[in-house]
K.L.:
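One structure coming up, written as C-alpha cells, with questions to follow.
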Amino acid sequence: IEQPTFPKITEMCVKMIRRVNDEEGIKKLVNETFQKLWFTPTPHHDKEAMTRKILNITDVVAACRDTGYDWFEQLLQNLLKSEEDASYKPVKKACTQLVDNLVEHILKYEESLSDSDNKGVNSGRLVACITTLFLFSKIRPQLMVKHAMTMQPYLTTKCSTQNDFMVICNVAKILELVVPLMEHPSETFLATIEEDLMKLIIKYGMTVVQHCVSCLGAVVNKVTQNYKFVWACFNRYYGALSKLKSQHQEDPNSTILTANKPALLRSLFTVGALCRHFDFDQEDFKGNSKVNIKDKVLELLMYFTKHSDEEVQTKAIIGLGFAFIQHPSLMFEQEVKTLYNSILSDKNSSVNLKIQVLKNLQTYLQEEDTRMQQADRDWKKVAKQEDLKEMGDISSGMSSSIMQLYLKQVLEAFFHTQSSVRHFALNVIALTLNQGLIHPVQCVPYLIAMGTDPEPSMRNKADQQLVEIDKKYAGFIHMKAVAGMKMSYQVQQAINTCPKDPVRGFRHDESSSALCSHLYSMIRGNRQHRRAFLISLLNLFDDTAKTEVNMLLYIADNLACFPYQTQEEPLFIMHHIDITLSVSGSNLLQSFKESMVKDKKKERKPSSDEETESDSKSGSESESEEEASKPRRLRKRVDSDSDSDEENDINAVMKCLPENSAPLIEFANVSQGILLLLMLKQHLKNLCGFSDSKIQKYSPSESAKVYDKAINRKTGVHFHPKQTLDFLRSDMASSKITEEVKRSIVKQYLD
C-alpha cells in the first residue's frame with residue numbers, strides 16, 4: 001500500500017486523460033481505455049487488483065494537483081451518461097466499489113500516520129484519496145452518503161502542514177454535497193459539524209474559511225435551519241468592522257488600527273463570505289428589524305475600498321465580490337460601477353486590485369452558471385408544465401446586463417503588460433461568451449489579439465473561442481480580421497519588454513510562425529474572404545493610410561510567415577504588391593523630386609549649368625528608379641567601382657536637398673511601407689522558389705485550379721527588412737536632422 005505505482009504509468013495516464021475533450025474519435029478511445037482500466041467492476045476476492053487500481057487513480061489525481069481536475073469530472077460524466085438507460089450499469093457498480101475502498105484506504109493511512117518514517121508518503125496519499133472522494137462526490141454525491149459520518153472527524157485535523165489544510169478543505173467540500181442528501185441524520189452529528197466548522201472559520205485563513213462557510217451554508221440552509229447560530233457569527237464580524245470604521249474615521253493614522261489590521265482583514269473577508277451563502281435580510285435572521293443588511297454591508301465594504309493600505313482594499317473588494325453573488329443587483333449601484341471600472345481602466349491602478357475585480361466577475365459568472373444548470377435540472381425533475389426557458393431567462397438577463405456594464409473595461413484589460421491580468425480577463429470573456437450573455441462580434445478582434453499571446457494556454461483558449469464563434473456565425477471572423485490584426489499589434493506592444501526593440505509579427509522560436517497564423521488558417525479556406533483580407537492588409541502600406549511604421553513591419557512579418565498552402569496565395573500577394581508599388585512608389589519618388597526642385601527654386605533661381613546638371617541628374621535618377629523596380633538579378637551589372645558611383649549619386653542628390661528638412665523626414669517615414677513591400681515580395685519569391693516569369697504570368701482572374709499546387713517551401717529563408725529595422729531602432733522619425741541622417745535618407749531614396 002505504501003509503495004507508489006510506477007511513475008511512467010501515471011505519466012501516460014495523465015497525458016491520455018487530458019485528451020478527454022478532444023475530437024470524437026480520441027474522446028471515444030479515452031473513455032474506453034479508462035473504463036477498462038478503472039471503471040470496470042473488480043471481483044470482490046481480488047483485493048490486490050483493487051489496491052493497484054486505487055493507487056493508480058490517486059497517483060494520477062495527485063499528479064494533476066496544479067493543473068485541475070476537469071478531466072476526471074468529464075470522464076466520469078461521460079461514462080455514467082453512456083449507461084443511463086441500460087439495465088446493467090457496470091460503471092456505477094465500479095464507482096461504488098472505488099468509493100468504498102478509498103474510504104477503507106483513508107482509514108489505513110490514518111492508522112499508519114503514527115509511523116514517523118512514512119508520514120510524508122502517507123500524508124500525501126491521504127490527501128490524494130480524499131481529493132478523489134471529493135471528485136466522485138461532485139458527480140455522484142449519493143455514493144458518499146453512507147460514509148459521511150466517517151468523514152466528519154477529519155474536520156478536527158490538527159493543521160501543521162499544507163496537506164492537513166487540504167484534508168480539511170476537501171472534507172468540508174464533501175460534507176457540503178453529501179449532508180443535505182442524508183435521510184434523518186442525528187442531531188448530535190449535525191451539531192458537531194456546525195461547531196467544528198465554526199471553530200475552523202474563527203481560527204484559520206482564507207481558503208479554510210471559504211470552504212467551511214460554504215459547507216455551513218449547505219448544512220444550515222438545507223438541513224438544520226439553525227439561523228441564530230450563523231446570525232451570532234455574522235454579528236461578531238460585522239460589529240468588529242463597524243467599530244474599526246468608526247476608529248478610522250476619527251483618526252486614520254491611529255496605532256490601534258495598525259495593531260488591529262489582522263482583525264480588520266479577517267472581518268472583511270468573513271463578512272463577505274457569510275453574505276455569499278446567507279441572505280441576512282430574511283426574517284429568519286434579523287427578525288422584525290427594518291434595517292437593510294445588504295445595503296449596510298455594501299456601505300461598510302465600500303468604505304474600506306478607499307483605505308490607504310492596498311491589502312485592506314483587496315480584502316474589501318474580495319468581500320464585495322462574495323456579497324454580489326448573493327445580491328447581483330448591487331453591481332448596478334453607481335459607486336460599485338465607478339469602483340470596478342476605474343480600477344480596470346486606470347493604467348496606474350494596482351495589478352492586484354485589477355486581478356481581484358476580474359476574479360470577482362469570474363466567480364460571479366461561474367456561480368451563476370452552476371445555479372442555472374442546477375435550476376434547469378430541478379425544473380426538469382418537477383414537471384413539464386413550467387416554462388423552463390422563461391426561468392432561465394430571468395437569471396441570464398441579470399448576468400447579461402451586468403456584463404454589458406463592465407465588458408469594455410474587461411476587454412481593454414487584454415492590453416495589460418501583466419499576463420495574470422490578461423489571463424483573468426480572458427476567463428471572464430470566455431465565460432460570458434459560453435453563457436451567451438453578449439453578442440460575440442464585439443469580442444472577435446480582442447480574441448484575435450489574444451491569440452498572439454506568448455503563453456500557449458491563453459493562445460489556445462482564445463483560438464478555441466474563435467472556432468466556436470465561427471461555427472455559429474460564419475463570416476464574423478473575416479469581418480473583424482483586420483481590426484483583430486491591429487489589436488494584436490497593440491497586445492504585442494503592451495507585452496514588449498524592451499521598448500527600443502521593434503515589435504515583430506512572428507514567434508521567436510524554431511517555427512518562426514506568424515503570430516496571427518491561426519487567424520489566417522481560419523480565413524484561407526474561403527477564397528473570397530482570403531483575398532479581401534490580404535488586400536485590406538496590403539492597403540495599409542499605402543502612403544495615404546498613414547499607418548505607423550512599426551505596425552507595417554508587424555503586418556509584413558505576418559504576411560511573410562503566414563501558413564500558405566497553395567501557390568495562389570503568395571502569388572496573389574506579389575501581384576498586388578506590384579500594383580501598389582507602381583502607384584504609391586512612383587508617387588512617392590515624384591513628390592520627393594518635386595520638394596527638392598520647388599524648395600531650391602524658392603531659395604534662388606539656378607544657373608543654366610545647374611539646370612543642365614539637374615536635368616541629367618533627374619535622368620539618371622529615373623534610370624536608377626527603373627533599375628530599382630526590377631528584380632535584383634535582372635538589374636544591370638555594375639563594374640568594380642560601383643561603390644564610388646553610389647557615393648557620387650548620394651553626393652549629387654545631397655546638393656539638391658532643401659533646407660527645410662520636413663519633406664525629408666516625411667519621405668523617410670512613408671517610404672518604409674514601400675521598402676517593406678519590396679522586401680516582402682523578394683522574401684516570398686525566395687521562400688517559394690518562384691521565377692520572375694511565373695510571377696509576371698500570374699493573373700488573379702484565372703481559374704483557382706491553375707495555381708492550386710502545394711507550395712514547396714525552402715528552409716532557412718527568413719524575413720529580415722534591415723532598413724526598416726535600422727529606421728525604427730535609430731528612431732529616425734523623431735531624431736535631429738544631421739548630415740548622417742540626410743545621407744541615410746538619400747540612400748533610401750536611391751534604393
Side-chain angles (χ1 to χ4, degrees), residues 4 57-70 72-73 102-103 105-116 118-138 144 147-179 192-219 233 237 262-263 265-274 276-277 311 314-315 318-319 321-322 356 359 363:
I57 293 174
T58 51
D59 271 346
V60 172
V61 167
C64 295
R65 181 170 164 173
D66 298 326
T67 53
Y69 305 109
D70 292 351
F72 189 92
E73 294 168 36
L102 278 163
V103 173
H105 275 69
I106 284 171
L107 297 172
K108 285 178 186 173
Y109 293 139
E110 187 65 17
E111 285 172 25
S112 64
L113 277 175
S114 54
D115 178 2
S116 58
N118 288 315
K119 197 160 189 175
V121 172
N122 288 332
S123 176
R125 283 248 172 253
L126 179 67
V127 172
C129 281
I130 291 178
T131 305
T132 309
L133 283 175
F134 163 62
L135 295 173
F136 276 109
S137 306
K138 228 176 156 182
M144 277 297 290
H147 301 297
M149 294 184 80
T150 309
M151 301 309 293
Q152 178 268 320
Y154 288 93
L155 288 176
T156 58
T157 304
K158 285 181 181 174
C159 292
S160 55
T161 66
Q162 186 63 33
N163 281 344
D164 297 333
F165 284 111
M166 288 188 76
V167 166
I168 284 179
C169 290
N170 279 311
V171 169
K173 288 192 278 187
I174 291 168
L175 293 173
E176 178 184 342
L177 294 163
V178 173
V179 171
T192 308
I193 286 181
E194 286 180 342
E195 283 167 22
D196 289 345
L197 291 169
M198 194 58 75
K199 284 175 188 169
L200 292 166
I201 289 165
I202 291 164
K203 188 173 182 182
Y204 291 115
M206 282 200 303
T207 311
V208 173
V209 170
Q210 204 170 335
H211 293 304
C212 290
V213 170
S214 187
C215 183
L216 190 65
V219 173
C233 176
Y237 289 106
L265 297 175
R266 177 174 285 277
S267 299
L268 287 166
F269 186 86
T270 311
V271 163
L274 288 164
R276 174 178 180 171
H277 297 284
E311 203 178 348
T314 306
K315 284 290 189 294
I318 292 172
F322 287 152
Q356 194 52 57
K359 275 185 180 175
T363 311

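One-based numbering along the sequence shown. In what follows, every heavy atom counts, from backbone to side chain, and hydrogens, waters and symmetry copies are set aside.
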K.L.:
Looking at CG of N170 and OG1 of T131, how far apart are the two atoms once the value is rounded to the nearest 0.5 Å?
P.N.:
4.0 Å
K.L.:
Can you tell me how far the CG atom of L107 sits from the CG atom of L102, to the nearest 0.5 Å?
P.N.:
11.0 Å
K.L.:
Got a second to check how far F165's CZ is from S160's OG, nearest 0.5 Å?
P.N.:
8.0 Å
K.L.:
Rounded to the nearest 0.5 Å, what's the gap from CG on L133 to CE on M151? Could you check?
P.N.:
5.5 Å
K.L.:
How about E195 and M198: do any of their side-chain heavy atoms sit closer than 4.5 Å?
P.N.:
no
K.L.:
What are the two closest heavy atoms between I193 and V219, and how far apart are they?
P.N.:
CG2-CG2, 4.2 Å
K.L.:
Tell me the closest heavy-atom pair linking I57 and F72, and the distance in Å.
P.N.:
CG2-CE1, 4.1 Å
K.L.:
Could you grab the distance from atom OG1 of T150 to atom CE of M144, nearest 0.5 Å is fine?
P.N.:
7.5 Å
K.L.:
So do the side chains of F322 and T363 get within less than 4.5 Å of each other, counting heavy atoms only?
P.N.:
no
K.L.:
Would the distance check show the side chain of R276 and the main-chain N or O of G319 forming a donor-acceptor pair, the cut-off being under 3.5 Å?
P.N.:
no
K.L.:
Can you name the closest pair of heavy atoms from A148 and V178 and give their distance?
P.N.:
CB-CG1, 3.9 Å
K.L.:
Minimum heavy-atom separation for K158 and D164, please, with both atom names.
P.N.:
O-OD2, 3.3 Å
K.L.:
Any side-chain heavy atom of K138 within less than 4.5 Å of one from K173?
P.N.:
no
K.L.:
Side chains of I130 and L126: closer than 4.5 Å at any heavy-atom pair?
P.N.:
yes
K.L.:
Check whether any side-chain heavy atom of T192 sits under 4.5 Å from a side-chain heavy atom of L155, and report yes or no.
P.N.:
no
K.L.:
Not counting sequence neighbours, which residues clear ring pair (Phe, Tyr, Trp, His ring centres under 6.0 Å) with Y237? List them please.
P.N.:
none
K.L.:
How long is the gap from CZ on F269 to CG on L274, to the nearest 0.5 Å?
P.N.:
10.0 Å
K.L.:
Cut-off 3.5 Å, no hydrogens considered: what does the side-chain donor-acceptor table look like for residues 210-217, sequence neighbours left out?
P.N.:
unit_1: S214; atom_1: OG; unit_2: E176; atom_2: OE1; d: 3.0
unit_1: S214; atom_1: OG; unit_2: E176; atom_2: OE2; d: 2.9

K.L.:
Taking C-beta and beyond as the side chain, do R266 and V209 meet within less than 4.5 Å on heavy atoms?
P.N.:
yes
K.L.:
Can you name the nearest heavy-atom pair linking L265 to E311, along with the distance?
P.N.:
CD1-OE2, 3.4 Å
